[in-house]
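Only one structure is covered here, and it is reproduced in the block below.
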Amino acid sequence: HMNTHQLKEIFAQYGDISQVRLIKNTRTGRSKGFAFVTFGNTRDAKKALALNGQEVRGRAIVVRMAKPREA
């Protein structure tokens, strides 16, 4: 599992990060295996899509733009 600091380090090479939110199971407190990385601007966020499919710490990661939740 990665922590927020490790995620920030990995994604910081693509631009300024304003927030990293690791999603956890509220019952157990364990990571659900995904996070939201918020960049200062859309251009940098799009550059970070280059990480999609790359191996990070022994696992291929999925990187995509978050979509707003459906109402």
Side-chain angles (χ1 to χ4, degrees):
H1 291 293
M2 280 192 267
N3 62 33
T4 54
H5 176 75
Q6 292 163 325
L7 284 167
K8 198 168 191 174
E9 255 181 14
I10 292 164
F11 283 91
Q13 62 187 316
Y14 296 98
D16 288 333
I17 295 170
S18 56
Q19 184 183 39
V20 175
R21 218 174 78 223
L22 203 53
I23 306 305
K24 295 184 176 177
N25 180 315
T26 50
R27 219 169 19 86
T28 65
R30 291 183 50 119
S31 169
K32 284 190 169 187
F34 69 97
F36 290 98
V37 178
T38 306
F39 283 87
N41 64 65
T42 306
R43 187 185 65 239
D44 291 343
K46 286 182 177 172
K47 283 193 280 184
L49 292 173
L51 278 172
N52 188 44
Q54 297 296 312
E55 196 169 289
V56 177
R57 296 177 59 112
R59 289 179 64 184
I61 63 171
V62 176
V63 180
R64 59 182 176 241
M65 297 294 269
K67 293 178 176 61
R69 278 192 171 168
E70 298 291 320

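Computed from a prediction, not measured in an experiment: that's the story for all the values here.
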### Message
Under a 3.5 Å distance rule, please check whether Asp44 uses its side chain to pair with a backbone N or O of Gly15 as donor and acceptor.
### Response
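No; zero donor-acceptor contacts below 3.5 Å.
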Could you pull out the closest heavy-atom pair between [X] and [Y], with the gap in Å?
| X | Y | answer |
| --- | --- | --- |
| Met65 | Leu49 | N-CD2, 3.9 Å |
| Gly53 | Ala60 | O-CB, 4.0 Å |
| Lys24 | Gly29 | CD-O, 3.5 Å |
| Leu7 | Ala35 | CD1-CB, 3.6 Å |
| Phe39 | Ala48 | CZ-CB, 3.6 Å |
| Ile10 | Leu51 | CG2-CD1, 3.7 Å |

How long is the span from the [atom1] atom in [X] to the [atom2] atom in [Y], to the nearest 0.5 Å?
| X | Y | atom1 | atom2 | result |
| --- | --- | --- | --- | --- |
| Thr38 | Asn41 | OG1 | CG | 12.0 Å |
| Arg64 | Lys67 | CZ | NZ | 7.0 Å |
| Lys8 | Gln13 | NZ | CD | 14.5 Å |
| Arg30 | Thr26 | CZ | OG1 | 14.0 Å |
| Gln19 | Thr4 | CD | OG1 | 10.5 Å |
| Ile61 | Phe11 | CD1 | CZ | 4.5 Å |

### Message
Tell me whether the count of non-hydrogen atoms from other residues, nucleotides or ligands lying under 6.0 Å of CG in Asn25 goes above 12.
### Response
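Correct, the count exceeds 12.
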### Query
Taking C-beta and beyond as the side chain, do Val63 and Gln54 meet within less than 4.5 Å on heavy atoms?
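Answer no - side chains too far apart.
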